[in-house]
Number of protein chains: 2
Amino acid sequence: MFTLAEENYLKTIFHLEHDSMCEVTTNAIAESIETKPSSVTDMVQKLAEKKMLTYKRYKGVQLTEEGKKVAAGVVRKHRLWEVFLVEKLHFHWDEVHEIAEQLEHIQSEELITRLDQFLGSPDFDPHGDPIPDKHGVLKRTEKKLLSEIEKNEQGVCVGVKESSPEFLQYLDKKKISIGTKISVLGKEFFDGSMIIQVGTEQFFISIKIAENLYVQTS
Amino acid sequence: MFTLAEENYLKTIFHLEHDSMCEVTTNAIAESIETKPSSVTDMVQKLAEKKMLTYKRYKGVQLTEEGKKVAAGVVRKHRLWEVFLVEKLHFHWDEVHEIAEQLEHIQSEELITRLDQFLGSPDFDPHGDPIPDKHGVLKRTEKKLLSEIEKNEQGVCVGVKESSPEFLQYLDKKKISIGTKISVLGKEFFDGSMIIQVGTEQFFISIKIAENLYVQTS
DNA sequence: AATTATTTTTAGGTTTAACTAAAAATATAA
DNA sequence: TTATATTTTTAGTTAAACCTAAAAATAATT
Ligand SMILES: [Mn+2]
Ligand SMILES: [Mn+2]
Ligand SMILES: [Mn+2]
Ligand SMILES: [Mn+2]
């Protein structure tokens, strides 16, 4: 099996590959995982020996099929636990990530099988992120960033890119959650800021907000 | 906070103190935790510096009040998770200990508060062991070992001393679980073996069984 | 009381996963 | 193209938690 540190590296590389759609650099991993590049080099060499990823010096890494499977397993556990915390223990969506970071490393196939059943085999976590199935397959849904929406268009919030407590609390304050309808009333060329309508309220948001909210346009 | 290893040592010493009712030796800890006595000495010196226990060379250790509190916290988490696994995920009572060994180390006050509520603040775990309250207080219930019961007396099974899968599966086979009424029909002086009645069945048990079953005599 | 046996500790070593500092490779700019 | 900047790797340390082997303390026998 894999150590806690190994699992964290695989998961992080998995996320970075999804974001950048190409090889992942040492520095990118170091920043995500909040460690030093030299530590990343060490671990990446270890994971390459274990055939979890391919690694060429100075050229970044790429997960193997096996590596992707292991990583998806960790992501699956993380997101299922987040659902449990919100649905069953009534945590708020900005409180669960930290705890799920620990729970994702509990080793027991049977536990996850039963947890999944107990939760009714959910497809998405509380932040709108898809939950990989038991084989590590992630079903892709089409969603755009709110920042990609044009003036006078509208969409339904289906997820967040960032899931820091700060951002989620901002969304709460603005009454935005998964399922909320958002209309773009105005969009500023210069800085990408927008005027949007949520329910009966209309207000200004910066590009930083718009770039971290996923919406689905029907 | 405490590391996983530190928590395991504190928990183990807590259990040993309860069993032996006096100072706990290095070898006893080593055996329980499946490690070498020299490793125990190292850790015990560290925990003494942290004021979790008192330690005099060659004289064994004793938990401080603070040490007992921390240990009871780990036991509380362990047992609450066991209840969750059995009551909510429908695990069998012989399958939960291993998983709870991992879950007991998840760090989050709030999580345990909510888990406890979710489970209806149970007083006992699936093996009949009492769950410490949030202040680390264990309410003592009077129970005897089945081996202490005399011929023609009877009792209700309220817990197990051992909780290895092998023993629990033996009990299942014999239809003994928490709440089961057991009558002692015969008792052999020489080896402590017994003939007992469970439901309509009567059968022979060795002292090893009788010494690991807790019963309450009304 | 002296010898032997057991328990416990110390000393020194290993592994994992970090770190710092310096060297090497690659990328960017002049 | 050469010089400079950035990224990445290597080399050498550190800390936690384990180990083995040997020494020291305590307990049990003769
Ligand atoms: Mn993690
Ligand atoms: Mn999430
Ligand atoms: Mn443990
Ligand atoms: Mn138990």
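- Residues A:Leu168 and A:Val160 form a side-chain contact, since some pair of their non-hydrogen atoms from C-beta on lies under 4.5 Å apart.
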*Check step by step if salt bridge (charged side-chain N to carboxylate O under 4.0 Å, His left out) holds for B:Lys11 and B:Glu104.*
CA-CA 10 Å; B:Lys11 186 189 67 169; B:Glu104 73 189 4; 2.9 Å; yes
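- In the model, B:Ser193 has a side-chain atom that pairs as donor or acceptor with a side-chain atom of B:Asp191 under 3.5 Å.
- For DNA chain C, the neighbouring residues in residues 36-44 of chain B, judged by any heavy atom under 4.0 Å, are B:Pro37, B:Ser38, B:Thr41.
- Taking a 4.0 Å limit (strictly below) on heavy-atom distances, residues 21-34 of chain A does not reach DNA chain C anywhere.
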Do any side-chain atoms of residues 28-40 of chain B form donor-acceptor pairs under 3.5 angstrom with protein atoms, and if so which ones, sequence neighbours left out?
none

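- Counting non-hydrogen atoms of other residues, nucleotides and ligands closer than 6.0 Å to NZ of B:Lys161 gives a total of 12 or fewer.
- A heavy-atom distance below 4.5 Å is found between the side chains of B:Glu17 and B:Gln62.
- Tested against A:His78, the residues A:His97, A:His15, A:His105 include a single ring-ring contact (aromatic ring centres under 6.0 Å, His included) partner, A:His97.
- The closest side-chain heavy-atom distance from A:Tyr9 to A:Val61 is not below 4.5 Å.
- Note: B:His18 and B:Phe14 have tilted aromatic rings, judged against thresholds of 30 and 60 degrees for the angle between ring planes.
- Listed by residue number, there are no residues of residues 8-16 of chain B with a heavy-atom contact under 4.0 Å to DNA chain C.
- Put simply, B:Gln45 has a side-chain N or O that comes within less than 4.0 Å of OP1 or OP2 on C:dT10.
- Between A:Glu6 and A:Lys50 there is a side-chain heavy-atom pair separated by less than 4.5 Å.
- Taking the ring centroids of B:Phe84 and A:Phe84, they lie under the 6.0 Å cut-off.
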Would you mind writing out the side-chain donor-acceptor pairs for residues 106-132 of chain A within the sub-3.5 Å range, not counting sequence neighbours?
residue  : atom : partner  : partner atom : Å
A:Gln107 : NE2  : A:Phe2   : O            : 3.4
A:Ser108 : OG   : A:Leu111 : N            : 3.1
A:Glu110 : OE2  : A:Arg114 : NE           : 2.7
A:Glu110 : OE2  : A:Arg114 : NH2          : 3.2
A:Thr113 : OG1  : A:Glu109 : O            : 3.1
A:Arg114 : NH1  : B:Leu89  : O            : 2.9
A:Arg114 : NH1  : B:His90  : O            : 2.7
A:Asp116 : OD2  : A:Ser121 : OG           : 3.1
A:Asp123 : OD1  : A:Lys139 : NZ           : 3.4
A:Asp125 : OD1  : A:His127 : N            : 2.7
A:Asp125 : OD1  : A:Gly128 : N            : 3.1
A:Asp125 : OD1  : A:Asp129 : N            : 3.0
A:His127 : ND1  : A:Glu82  : OE1          : 3.1
A:His127 : NE2  : A:Trp93  : O            : 2.8

What nitrogen or oxygen pairs link the protein and nucleotides 22-29 of chain D at under 3.5 Å?
residue : atom : partner : partner atom : Å
D:dA25  : O4'  : B:Tyr58 : OH           : 3.2

